[in-house]
Asks: 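My structure is below; once you've seen it, I'll send some questions.
Starting from 1, each residue takes its place in the sequence as its number.
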Amino acid sequence: MAFTPLFRGAGCALVTPFTNGQVNVEQLRKLVNWQIEQGTAALVACGTTGEPATMTMEEKELVIRETVQTAAGRVPVICGTGSNNTMAVIETEKRFRDLGCAAQLVVTPYYNRTTQEGLYRHFMTIAENTELPIILYNVPSRTNVDISASTLRRLAASDRFIALKESSAAINAVMAKMEAIEGKLALYSGSDDMVYPFLSIGGDGVISVVSDVVPAEMAKVCSLYFEGKREESLKQQIRLLPLNNALFHEVSPIPCKYAMAKLGLCSGDLRLPLVEASEETRAMMDAALAGLGL
């Protein structure tokens, strides 16, 4: 039987809207509905962009439950369960597993890091003690850990892993990983400026921050490619580069929430240690949005 990805296209790494220090459930519901209406193919609740590191477990459960209930089966919802504590991932999944998510997103261990053997054991222990399908998340710029192609080959032998979200910009390394997973896992770009290159080597889409701001525009990069309109897809990717550059001029989601507040999508509140966007970032974002006619 051929492997079928959980989704194809642009998934959104959804921000968590806060107002006066609290999760704004009404804004969250509006964002979920708007994302789906704009063509987003999947939603990630409490991924890195959702600021889960500064949220309580009760808040994370609230956000995931509300996202699933509002999505109402229209698109798959993926919950972030990752941690540098293997047992904490397992306990978090147990708490979230009955909320209706289609999968869990599990990032590589950060801070304490580990060896490739440690990565393998970390993910396999999670696989053996949880129920939700696992999307591996490799983001070396955040964690200073990189899953090797050889480790991915070992992990891909287990049917508990369904996808890799890969944030490397080294396309040669990504191709080696594509070869290693042997079509057993879907491949999603974790970098918005690498969507077209990932699609060109057989990727299935992106888990995107750009989609928080212009979901229809990012969805178009993927849909045009899948329709065989490769040149138009590439032009669309290039069209979004100024916005992408602005979104990552400071640590995400600082610029993202500034842009969303400017467009009236949410309040733009952040939790410490994240602070409001600098004047330079705001000017860069204003220019990028103006270039898109926003």
Asks: Can you check side-chain hydrogen bond (donor to acceptor under 3.5 Å, both in side chains) on T130 and Q104, steps first, answer last?
Replies: CA-CA 10 Å; T130 63; Q104 57 178 319; 3.2 Å; yes

Asks: Counting N and O atoms only, with roles assigned by atom type, does the side chain of T143 sit under 3.5 Å from a partner on the main chain of V139, one being a donor and the other an acceptor?
Replies: yes

Asks: Less than 4.5 Å apart, side chain to side chain, heavy atoms only: is that true for L247 and D192?
Replies: no

Asks: Tell me, with the steps shown, if E117 and R154 meet salt bridge (charged side-chain N to carboxylate O under 4.0 Å, His left out).
Replies: CA-CA 10 Å; E117 180 63 24; R154 295 174 71 191; 2.9 Å; yes

Asks: Identify the heavy atoms of T86 and H122 that sit nearest to each other, and give their distance.
Replies: OG1-ND1, 2.7 Å

Asks: Under 4.5 Å between side-chain heavy atoms, hopping through other hydrophobics if needed: is there a path connecting I207 to V32?
Replies: no

Asks: Going by an N to O cut-off under 4.0 Å, is there a salt bridge joining R239 and E217?
Replies: yes

Asks: Count the heavy atoms belonging to other residues, nucleotides or ligands that lie under 6.0 Å from CD of E58, then report whether that count exceeds 12.
Replies: yes

Asks: Using a strict cut-off of less than 4.0 Å between a Lys/Arg side-chain nitrogen and an Asp/Glu carboxylate oxygen, indicate whether R160 and E128 qualify as a salt bridge.
Replies: no

Asks: In terms of hydrophobic clusters joined by side-chain contacts under 4.5 Å, are L263 and F248 together?
Replies: yes

Asks: Is the backbone N or O of V195 less than 3.5 Å from a side-chain atom of Q237, with the two atoms forming a donor-acceptor pair by type?
Replies: yes

Asks: Do NZ/NE/NH1/NH2 and the carboxylate oxygens of K94 and E91 come within less than 4.0 Å?
Replies: yes

Asks: Taking E66's backbone N and O only, do any of them form a donor-acceptor pair with R29's side chain (distance below 3.5 Å, no angle check)?
Replies: no

Asks: Could you measure the distance from the CG atom of L119 to the CE atom of M124? Nearest 0.5 Å is fine.
Replies: 13.5 Å

Asks: Might you confirm whether atom CG of N112 has over 12 heavy atoms from other residues, nucleotides or ligands at distances under 6.0 Å?
Replies: yes

Asks: Determine whether a donor-acceptor pair (N or O, by modelled atom type, separation under 3.5 Å) exists between the side chain of S191 and the backbone of D193.
Replies: no

Asks: Side chains of L132 and C79: does their closest heavy-atom pair fall under 4.5 Å?
Replies: yes

Asks: Applying side chain to side chain contact (heavy atoms under 4.5 Å, CB included), run through V210 and V213 and close with a yes or a no.
Replies: CA-CA 6 Å; V210 168; V213 183; 5.8 Å; no

Asks: I'd like to know if the side chain of N24 and the backbone of C266 have a donor-acceptor N/O pair within less than 3.5 Å.
Replies: no

Asks: Stepwise, does the side chain to side chain contact (heavy atoms under 4.5 Å, CB included) test hold for N33 with T70?
Replies: CA-CA 7 Å; N33 282 321; T70 305; 3.6 Å; yes

Asks: So, do T92 and S83 sit near enough that their side-chain heavy atoms are less than 4.5 Å apart?
Replies: no

Asks: Determine, stepwise, if the pair F123 / V89 fulfils side chain to side chain contact (heavy atoms under 4.5 Å, CB included).
Replies: CA-CA 10 Å; F123 285 117; V89 178; over 6 Å; no

Asks: Considering all heavy atoms of both residues, which atom of L199 and which atom of G205 are nearest to each other, and what is their separation?
Replies: CD2-N, 3.7 Å

Asks: Does Q27 form a side chain to side chain contact (heavy atoms under 4.5 Å, CB included) with V15? I'd like the steps, not just the answer.
Replies: CA-CA 11 Å; Q27 284 187 353; V15 301; over 6 Å; no

Asks: Decide whether S150 and Q116 meet the rule of one side-chain donor and one side-chain acceptor closer than 3.5 Å.
Replies: no

Asks: Any chance you could measure N245, atom CG, to T281, atom OG1, to the nearest 0.5 Å?
Replies: 11.5 Å

Asks: Might you point out which heavy atoms bring P52 and T48 nearest each other, and give the distance in Å?
Replies: CD-O, 3.8 Å

Asks: Under a 3.5 Å distance rule, please check whether S208 uses its side chain to pair with a backbone N or O of S211 as donor and acceptor.
Replies: yes

Asks: With a cut-off of under 6.0 Å to the ring centre and 45° to the axis, is K165 in cation-pi contact with Y137?
Replies: yes

Asks: Any side-chain heavy atom of Y110 within less than 4.5 Å of one from R142?
Replies: no

Asks: Determine, using the 4.5 Å side-chain heavy-atom cutoff (strictly less than), whether V75 and V63 are members of one ILVMFWY cluster.
Replies: yes

Asks: Please determine whether the number of non-hydrogen atoms from other residues, nucleotides or ligands lying under 6.0 Å from atom CZ of R121 exceeds 12.
Replies: no

Asks: I'd like to check L136 versus F161 (side-chain heavy atoms, cut-off strictly below 4.5 Å). Are they in contact?
Replies: yes

Asks: Heavy atoms, side chains only, cut-off 4.5 Å: are F18 and M55 in contact?
Replies: yes

Asks: Please say yes or no: joined through hydrophobic side-chain contacts below 4.5 Å, possibly via intermediate residues, are V44 and I162 part of one cluster?
Replies: yes

Asks: Any heavy-atom pair between the side chains of L14 and T49 that's under 4.5 Å?
Replies: no

Asks: With a 4.5 Å cut-off on side-chain heavy atoms, are L28 and T16 touching?
Replies: no

Asks: Measure the acute angle between the ring planes of Y196 and Y225, then classify it against the limits of 30° and 60° as parallel, tilted or perpendicular.
Replies: perpendicular

Asks: Indicate yes or no: does R271 engage E51 in a salt bridge with an N to O separation below 4.0 Å.
Replies: no

Asks: Determine whether more than 12 heavy atoms belonging to other residues, nucleotides or ligands lie under 6.0 Å from atom CD of Q38.
Replies: yes

Asks: From I147 CD1 over to E166 CD, what is the distance, rounded to the nearest 0.5 angstrom?
Replies: 7.5 Å

Asks: Might you work through the side-chain hydrogen bond (donor to acceptor under 3.5 Å, both in side chains) test for N138 and T108, ending with a clear yes or no?
Replies: CA-CA 6 Å; N138 192 50; T108 51; 4.6 Å; no

Asks: Which heavy-atom pair separates A127 from I134 by the least distance, and what is that distance?
Replies: CA-CD1, 3.7 Å

Asks: Tell me whether E93 contacts the main-chain N or O of E131 through its side chain, where contact means a donor paired with an acceptor under 3.5 Å.
Replies: yes

Asks: Write down the atom of Y111, the atom of N84, and the distance for their closest heavy-atom approach.
Replies: CB-ND2, 4.0 Å

Asks: Examine distances only and state if a side-chain atom of N129 and a backbone atom of T125 form a donor-acceptor pair shorter than 3.5 Å.
Replies: yes

Asks: Measuring from atom CG of L185 to atom CE of M178, what distance do you get when rounded to the nearest 0.5 angstrom?
Replies: 10.5 Å

Asks: Could you state the interatomic distance from OG (S278) to CE (M284), rounded to the nearest 0.5 Å?
Replies: 10.0 Å

Asks: Would you indicate whether K184, at its atom NZ, is surrounded by more than 12 heavy atoms from other residues, nucleotides or ligands within a distance under 6.0 Å?
Replies: yes

Asks: Nearest 0.5 Å please: distance from the CG atom of L265 over to the CH2 atom of W34.
Replies: 4.5 Å

Asks: Of all heavy-atom pairs between A71 and I36, which one has the smallest distance, and what is that distance?
Replies: CA-CD1, 3.8 Å

Asks: Hydrophobic clustering (ILVMFWY, side-chain heavy atoms < 4.5 Å, transitive) - are F198 and L241 grouped together?
Replies: no

Asks: So, E227 and K220, do they make that salt bridge, N to O below 4.0 Å?
Replies: no

